[in-house]
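A short write-up of the structure that comes next.
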There are 2 protein chains.
Amino acid sequence: MSKSDEVPDKGSNADEAYEAIVQRLRLGKIGRGDRIVDTVIAAELNMSRMPAREALLRLVNEGYLVGSTRGFRLPELTQADVLEIFEIRKILEPRAAALAAVALTPDQLEQLESAFFEARAGFETGNAQMMFDANVRFRNAWLNAVPNRRLVAMIERFFDQVNAVRIATLHDAESRQLSIAIGETLLAGFRRGDSLYVFEQMYSFVEAARAKFVALNSSGATKKARAVK
Amino acid sequence: MSKSDEVPDKGSNADEAYEAIVQRLRLGKIGRGDRIVDTVIAAELNMSRMPAREALLRLVNEGYLVGSTRGFRLPELTQADVLEIFEIRKILEPRAAALAAVALTPDQLEQLESAFFEARAGFETGNAQMMFDANVRFRNAWLNAVPNRRLVAMIERFFDQVNAVRIATLHDAESRQLSIAIGETLLAGFRRGDSLYVFEQMYSFVEAARAKFVALNSSGATKKARAVK
DNA sequence: TAGCCAATAACTGTATACAGAAAGAGACGC
DNA sequence: GCGTCTCTTTCTGTATACAGTTATTGGCTA
């Protein structure tokens, strides 16, 4: 009744399973229609069913997954669902970014600069993966600067939920260009510590992402969000 | 291996345990320092340990409880924690109330009127319990009118978290008076469907509640939030 | 060949048992 | 009387088993 002795324990088996599944979700390794079964996760992670089940239930509670009688899967987000999430992002992210603008340390600003330049380099050389990774670091850098950690947790959760079912947009050239443009304006605001400017730019960015989503899904309000993969 | 046959099943044992515990939290029946043990909950609800544990873990995930090696308990919220939650309420509740002002049906408005008049009657006759109950109905009425249900879920969660450790403020005469005054102004705004007005009034209300909390806890930033009970 | 029905398999929900960790209580020594 | 140490008890985390529900598959009939 022992698990692997390879690495010292950082948490329980359930925590380990949770982190492993969240990582797969964030990397887009779980597709729409995939079925996640707790016995399979347990076997893969060399643990019993119960901690794997506990992790899956936590992900259900957080909105990443839905349960069924035949395994767990990604939620089917309708267009209305995604619009609702965008509405929440418009409420939360401008405010968080404004708080970050005030609270940023020089070190955090340096990380933002570095991440942005790398994203731009990826954009200019057509390296989508490099750009994607740099964008994640850019986002993490300003989120790390927000003092209100509960606010950050909410933002990350809703962002992750949408991302789990929609990763393809970054590979659209227009979206990439938009991403670079808004990164540049946000960075300027963060440099100046200009809360109001950052607020407005982030609001515009989320609104532009929302409008783009609507344009891509113009064929019906109840249509399921386009699957990734 | 059967549970009580008294009522037809509405959900699983775990769901039943969750609802039972949430109800106790909302009614303030779980005090600071109380220890909640899954075997005890299971025995009370005539089920085995696992569904009771599942419910407790869900409440931990939602921030209502924290786990320890000796049972689950209410979180120790520092003043900084509570201020952080107030900050989130200031972001979320004005916006939700504004959305409700637009979306309210005549029936929902009628429920708001009815709840407010009853709260005022409770205030005028010194019936704190009646006032408390009516305030809950008032709040539920406008929250029910908000189209964005994810937003409502977040608001309820943070509100419940603070309420689980702080219920006593409503019994303070000044807080009760403030509550009636803001109820009146909100109702006026809901009647007119005036989003901006409702937004501003709700913002003022949450800010006033925050300022009151600070005044009551002026002795130190790291002091634990005053216990209920 | 297609549709329907029955059986089987695959999952979930839950019950029970066990091991281990940590907290609490009691005793002893200073 | 207080502090420390040791032992016991009380919890959690997890493993395994079982029952039930539901989805899937295969066979039969029209």
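Lettering follows sequence order; numbering is per chain, from 1.
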Looking at dC11(C), I'd like to know if its phosphate oxygens (OP1 or OP2) sit under 4.0 Å from a side-chain N or O belonging to Thr69(A).
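Looking at the OP1 and OP2 atoms of dC11(C), neither is under 4.0 Å from any side-chain N or O of Thr69(A).
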[X] [atom1] to [N] [atom2]: how many Å, rounded?
{"X": "Glu16(A)", "N": "dT14(D)", "atom1": "CD", "atom2": "C1'", "result": "13 Å"}
{"X": "Asn46(A)", "N": "dT16(D)", "atom1": "CG", "atom2": "P", "result": "11 Å"}
{"X": "Phe72(B)", "N": "dC11(D)", "atom1": "CZ", "atom2": "C1'", "result": "10 Å"}
{"X": "Met50(A)", "N": "dA17(C)", "atom1": "CE", "atom2": "C1'", "result": "13 Å"}
{"X": "Ile41(B)", "N": "dT14(C)", "atom1": "CD1", "atom2": "P", "result": "15 Å"}
{"X": "Asn13(A)", "N": "dA21(C)", "atom1": "CG", "atom2": "P", "result": "13 Å"}
{"X": "Arg53(A)", "N": "dT14(D)", "atom1": "CZ", "atom2": "P", "result": "14 Å"}
{"X": "Arg49(A)", "N": "dA17(D)", "atom1": "CZ", "atom2": "P", "result": "12 Å"}

Tell me if a side-chain donor or acceptor on Asp15(B) pairs with a main-chain N or O of Gly11(B) at a distance below 3.5 Å.
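Flag not set: sc Asp15(B) to bb Gly11(B) has no pair under 3.5 Å.
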Would you say the side-chain atoms of Arg149(A) pair up with the backbone N or O of Val146(A), donor to acceptor, closer than 3.5 Å?
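A pair under 3.5 Å: yes.
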Should Glu87(B) and Arg95(A) be marked as a salt bridge (Lys or Arg N to Asp or Glu O under 4.0 Å) after you check the CA-CA gap, both sets of side-chain angles, and the distance that decides it?
CA-CA 10 Å; Glu87(B) 187 168 37; Arg95(A) 186 59 167 276; 5.2 Å; no
Nearest-nucleotide wise, let me know which of Glu54(A) and Arg70(A) is further upstream toward the 5' end of DNA chain D.
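Closest to the 5' end, via its nearest nucleotide, is Glu54(A).
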Gly183(B) to Phe138(B) - nearest heavy-atom pair and separation:
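Looks like O-CZ, 3.9 Å.
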Which comes earlier along DNA chain C counting from the 5' end, the contact point of Ser68(A) or that of Arg73(B), where each point is its nearest nucleotide?
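Its nucleotide being nearer the 5' end, the pick is Ser68(A).
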